[in-house]
Trainee: 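Let me give you the structure first, and then I'll get to my questions.
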Amino acid sequence: HAALSRRYVLCEVVSEDPRCRQCIEDRALGLAVRDAIARVHGDYGLACCSISFTGAGETGGPGGAGSLRVRSPVRVCPAVKYLNAYTGTVLLRCRKDSYRLLCSALPFVRYLESRAQRYPCFLNTLHVGGTIRTCQKFLIQYNRTQLLRLLQNCKNEEERQCIQKSLLSCSLTEEQSQSGDEEEDDGTE
């Protein structure tokens, strides 16, 4: 079952340009990660990660590597399992045996390209987990910690109350939309 083992890499897109988050798309992010892997690890790393992302060669047989050669290099992209453009949160999936190659290349993503525009950014790796659920648990704890830091850095009580009011006003709407999404997603995972 080692060939079926997966790793999920939880990242956040960090950019000073607010337009960057608006342009985040699965394909653009996947291509940026793919290019970084090719620059850092060359053909070997790209082949290992491409097999991992596309699912080719899952059985470990010689057909996996051979089938990779006939694929167009543009179509071989990392598996972006989850993407939230508002928060910049990204979940990448790969095979267990190639996650280190992926993680070591992520710091070399320097921009995202969308609609012929390049937006400077970088990917901050937050967590590597064996399941989506462990990544979700980590993200909840990480967001709580970030919120506490934000509240502690408030200059006055008015700022603090404004942040708390903003959070309370959006949480009910967010919970309702999430509960609807969970019902649809239960059968797909």
Trainee: Examine distances only and state if a side-chain atom of Ser104 and a backbone atom of Arg100 form a donor-acceptor pair shorter than 3.5 Å.
Mentor: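 Present.
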
Trainee: To the closest 0.5 Å, what do you measure between CZ (Arg6) and CZ (Arg95)?
Mentor: 8.0 Å

Trainee: Could you pull out the closest heavy-atom pair between Val128 and Arg7, with the gap in Å?
Mentor: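 That would be CG1-CD, 4.1 Å.
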
Trainee: Hey, is CZ on Arg39 packed in by over 12 heavy atoms from elsewhere, all under 6.0 Å?
Mentor: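 Result for CZ/Arg39: enclosed.
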
Trainee: Flag the pair Tyr142 / Glu12 as yes when at least one side-chain heavy-atom distance between them is below 4.5 Å, and no otherwise.
Mentor: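 Yes, their side chains come closer than 4.5 Å.
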
Trainee: Report the hydrophobic cluster partners of Leu148, with the cluster defined as I, L, V, M, F, W, Y residues connected by side-chain heavy atoms closer than 4.5 angstrom, directly or transitively.
Mentor: none

Trainee: Should Leu46 and Arg34 count as side-chain neighbours, where that means a heavy-atom distance under 4.5 Å?
Mentor: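 Side chain of Leu46 against side chain of Arg34, heavy atoms only: contact under 4.5 Å found.
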
Trainee: So with a 6.0 Å cut-off around CG of Asn156, is the heavy-atom count from everything else above 12?
Mentor: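 Yes.
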
Trainee: Does atom CD (Glu16) have a neighbourhood of more than 12 heavy atoms from anything else shown, all under 6.0 Å?
Mentor: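 Not more than 12 within 6.0 Å, no.
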
Trainee: CG/Asn153 to CD1/Ile163 distance, rounded to the nearest 0.5 angstrom?
Mentor: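 Those atoms lie 9.0 Å apart.
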
Trainee: For Leu151 and Gln164, which heavy atoms make the closest approach, and how far apart are they?
Mentor: CD2-CG, 4.2 Å

Trainee: Give the cluster check for Leu123 versus Tyr119: same hydrophobic cluster or not, with ILVMFWY residues linked at side-chain heavy-atom distances below 4.5 Å.
Mentor: no

Trainee: Could you state whether Phe122 and Leu29 fall into the same hydrophobic cluster, counting links through intermediate Ile, Leu, Val, Met, Phe, Trp or Tyr residues with side-chain heavy atoms under 4.5 angstrom apart?
Mentor: no

Trainee: Measuring from Leu83:CG to Asp26:CG, what's the distance to the nearest 0.5 Å?
Mentor: 5.0 Å

Trainee: Sub-3.5 Å donor-acceptor pair from the side chain of Ser98 to the main-chain atoms of Leu101, do we have one?
Mentor: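 The answer is no, because no donor-acceptor pair under 3.5 Å joins these two groups.
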
Trainee: Might you point out which heavy atoms bring Leu112 and Ala28 nearest each other, and give the distance in Å?
Mentor: CD2-O, 4.0 Å

Trainee: Working to the nearest 0.5 Å, report the span between CG of Asp35 and OH of Tyr111.
Mentor: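 Output value for this atom pair is 6.0 Å.
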
Trainee: Quick one: closest heavy-atom pair of Cys135 and Leu91, and the distance?
Mentor: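 That would be SG-CD1, 3.8 Å.
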
Trainee: Would you say Gln146 and Arg149 are linked by a side-chain donor-acceptor pair, where the criterion is simply a distance under 3.5 Å?
Mentor: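 Gln146 and Arg149 do have a side-chain donor-acceptor pair below 3.5 Å.
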
Trainee: Could you state the interatomic distance from CG (Leu31) to CD (Glu25), rounded to the nearest 0.5 Å?
Mentor: 10.5 Å

Trainee: Taking all heavy atoms of Ile24 and all of Gly88, pick out the closest pair and write down the distance.
Mentor: CD1-CA, 4.4 Å

Trainee: Taking all non-hydrogen atoms of both residues into account, name the closest pair between Ser15 and Cys121 and its distance.
Mentor: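 Scanning both residues completely, I find the closest heavy atoms to be CB-CB, 3.7 Å.
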
Trainee: Pick from Val9, Val90, Leu92, Ile132: which one makes a side-chain contact (heavy atoms from CB on, under 4.5 Å) with Lys81?
Mentor: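 Testing Lys81 for a side-chain contact (heavy atoms from CB on, under 4.5 Å) against Val9, Val90, Leu92, Ile132 leaves exactly one candidate, Ile132.
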
Trainee: To the nearest 0.5 Å, tell me how far Thr89 OG1 sits from Asn124 CG.
Mentor: 10.5 Å

Trainee: Hey, quick one: are Phe108 and Val33 part of the same hydrophobic cluster, counting side-chain heavy atoms closer than 4.5 Å, chains of contacts allowed?
Mentor: no

